[in-house]
Amino acid sequence: MKKLFITVGTTSFDSLIKYIDKNVQPNFTDYKFIYQLANGLYIPKNGDSFDFSDEISTYYFESDVIICHAGAGTIYQLLEMGKSIITVPNLERIDKHQSDIARNMAKSNFLVCCEEFENLSDSLKDITSRSLEAYVKEPFFKSTEIIEYLTE
Amino acid sequence: MTFSNTNNLKVLCVYGEGGHKAQMNRLILDITSENSSNKISFITLSDDTKTHDWSSKHFVTSEFRDKKTGKINFEILNRYRMFKDIFSKNDITGIISTGPGFCVFYAILAKVLGLKVIHIETWSRFDTSSFTGRIMYRLSDKFYVQNIEQLEIYKKAIYSGRL
């Protein structure tokens, strides 16, 4: 059975979890749904769930598709692992900045960005047939400068 | 045989939980791999209770701004006491920050003490600026941006590539 992993990072995103459990899962019974909830209060009725894990990379590795909040740490780690991801900006947070990275990564076609929950089912249908670009970045190159500055 | 660490430079790494912590970890691992015979040791200060293997000493503080309610948690006295505790017992050369907001407080105190302040702005910003970034841009001695689009906003920042 294919595995779909849903992760929200360190802050809860109950509206997403509830939406997926009620409106997406019934259309995709060929996937096993696993949820990482943080300190969220809504517990999905169809699928497994947990709050946090020290071994989250294992879940990432074993999943066929991942739906994630648009936290940069999560996004970059998943892209570096070559995973197919649908990212959903968490607008429950007081700062709405998650849209920035979500749109910019989608602009480069590294992932699918879903700002409206209503588009999630279609995004999930598309993602397996859609060809995303392999993630590339210019790696950090200022370590030597920082060391020199600190030791001068 | 024992080796003395008294000649080691000490740098205070200030970071919040989640992505800020992940960035600090990548940064310090990159720094230590570039400079394997270095004489810098890293003390950490975070609202995360767990730290990394490369940290020689870890201090825990509280989050500055609640992510759900936006309520600001000044805790000025506690932060000042923490600062005194860290700086009186350790000869700190400078601080490195990866945000978020509470780092500003420690950066201000570091500046007052004449220490070096380095800030790596978050990898999550492209076309928008962060609360921490806007302040640290003016406060830091070295302000790095990881996404080249950020140079439109922070004209005098240093582009560093992405952690």
Side-chain angles (χ1 to χ4, degrees), chain A residues 7-15 38-41 52 54 56-57 68-80 87 89-108 110 135-152, chain B residues 9-11 16-23 25-35 38-40 42 48 50 65-71 93-96 100-101 115-116 118 120 122-131 141-142 144-150 158-163:
Chain A
T7 176
V8 302
T10 52
T11 48
S12 65
F13 196 177
D14 278 349
S15 55
N39 55 352
L41 299 172
F52 296 101
D54 286 338
I56 202 149
S57 311
C68 66
H69 76 134
T74 304
I75 286 178
Y76 292 136
Q77 185 179 357
L78 288 167
L79 290 178
E80 285 162 5
T87 192
N90 183 349
L91 302 177
E92 283 179 17
R93 289 169 60 116
I94 205 82
D95 57 83
K96 316 287 180 195
H97 78 275
Q98 288 200 356
S99 304
D100 193 357
I101 181 175
R103 289 179 192 162
N104 274 279
M105 291 291 112
K107 212 173 8 175
S108 302
F110 294 143
Y135 175 60
V136 286
K137 70 172 184 188
E138 179 160 20
F140 192 82
F141 58 89
K142 286 295 186 181
S143 285
T144 304
E145 180 176 297
I146 289 173
I147 294 163
E148 283 171 359
Y149 178 61
L150 287 168
T151 54
E152 75 187 15
Chain B
L9 282 182
K10 288 181 184 163
V11 170
E17 60 165 16
H20 304 280
K21 179 182 183 185
Q23 290 171 87
N25 187 44
R26 290 186 185 211
L27 173 68
I28 303 305
L29 289 175
D30 198 60
I31 284 177
T32 48
S33 73
E34 292 269 329
N35 200 12
N38 76 35
K39 293 191 163 47
I40 305 179
F42 300 96
D48 192 316
K50 289 192 275 187
R65 187 169 59 158
D66 187 290
K67 297 285 181 285
K68 285 285 156 98
T69 64
K71 181 166 171 277
T93 302
I95 82 168
I96 302 178
L115 305 177
K116 295 170 184 172
I118 298 171
I120 320 291
T122 176
W123 55 11
S124 63
R125 297 285 183 157
F126 291 76
D127 308 315
T128 58
S129 62
S130 72
F131 166 81
D141 299 299
K142 298 254 185 208
Y144 293 98
V145 292
Q146 300 187 57
N147 298 317
I148 206 154
E149 293 86 346
Q150 292 269 276
I158 306 166
Y159 171 62
S160 64
R162 197 179 296 153
L163 288 163

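When reading the values below, keep in mind they use all heavy atoms of this one structure, side chains included, and skip hydrogens, waters and symmetry mates. Here is how names work: the chains are called A, B, and so on, in the same order as the sequence lines, proteins then strands, and each is numbered from 1.
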Part of Glu148(A) lying under 4.5 Å from any heavy atom of chain B:
neither
So, Asp54(A) and Lys50(B), do they make that salt bridge, N to O below 4.0 Å?
yes
Worked check of salt bridge (Lys or Arg N to Asp or Glu O under 4.0 Å) between Lys107(A) and Glu149(B)
CA-CA 13 Å; Lys107(A) 212 173 8 175; Glu149(B) 293 86 346; 5.8 Å; no
Kindly indicate, with the supporting measurements, whether the criterion side-chain contact (heavy atoms from CB on, under 4.5 Å) is fulfilled by Leu150(A) and Ile96(B).
CA-CA 10 Å; Leu150(A) 287 168; Ile96(B) 302 178; 4.1 Å; yes
So, the part of Ile158(B) with a heavy atom under 4.5 Å from chain A: the answer is side chain
Side chain of Asp100(A), backbone of Arg125(B): donor and acceptor closer than 3.5 Å?
no
Go through the atoms of Thr93(B) and report whether side chain, backbone, both or neither lie under 4.5 Å from a heavy atom of chain A.
side chain
Part of Ile120(B) lying under 4.5 Å from any heavy atom of chain A:
side chain
Worked verdict on Trp123(B) versus Phe140(A) for side-chain contact (heavy atoms from CB on, under 4.5 Å)
CA-CA 11 Å; Trp123(B) 55 11; Phe140(A) 192 82; over 6 Å; no
Is any side-chain heavy atom of Glu138(A) closer than 4.5 Å to one of Tyr159(B)?
yes
Would you please name every residue forming a salt bridge (charged side-chain N to carboxylate O under 4.0 Å, His left out) with Lys116(B), sequence neighbours left out?
none
Output, in order, the C-alpha distance, side-chain angles, deciding distance and verdict of side-chain contact (heavy atoms from CB on, under 4.5 Å) for Tyr149(A) and Asp141(B).
CA-CA 10 Å; Tyr149(A) 178 61; Asp141(B) 299 299; 3.0 Å; yes
Minimum side-chain heavy-atom gap Ile31(B)-Thr144(A) below 4.5 Å:
no
Take Ser124(B) and His97(A), measure what side-chain contact (heavy atoms from CB on, under 4.5 Å) needs, and give me the verdict at the end.
CA-CA 8 Å; Ser124(B) 63; His97(A) 78 275; 3.7 Å; yes
Closest non-hydrogen atoms of Arg162(B) and Tyr135(A), given as atom of the first, atom of the second and distance, are NH1-OH, 2.6 Å
Shortest non-hydrogen contact from Ser143(A) to Asp30(B)?
OG-OD2, 2.5 Å
From CA spacing to verdict: side chain to side chain donor-acceptor pair (under 3.5 Å), Tyr144(B), Glu145(A)
CA-CA 11 Å; Tyr144(B) 293 98; Glu145(A) 180 176 297; 2.7 Å; yes
For Leu163(B), is it the side chain, the backbone, both, or neither that has a heavy atom closer than 4.5 Å to a heavy atom of chain A?
both
Please classify the contact between Gln23(B) and chain A as side chain, backbone, both or neither, with a heavy-atom cut-off of under 4.5 Å.
neither
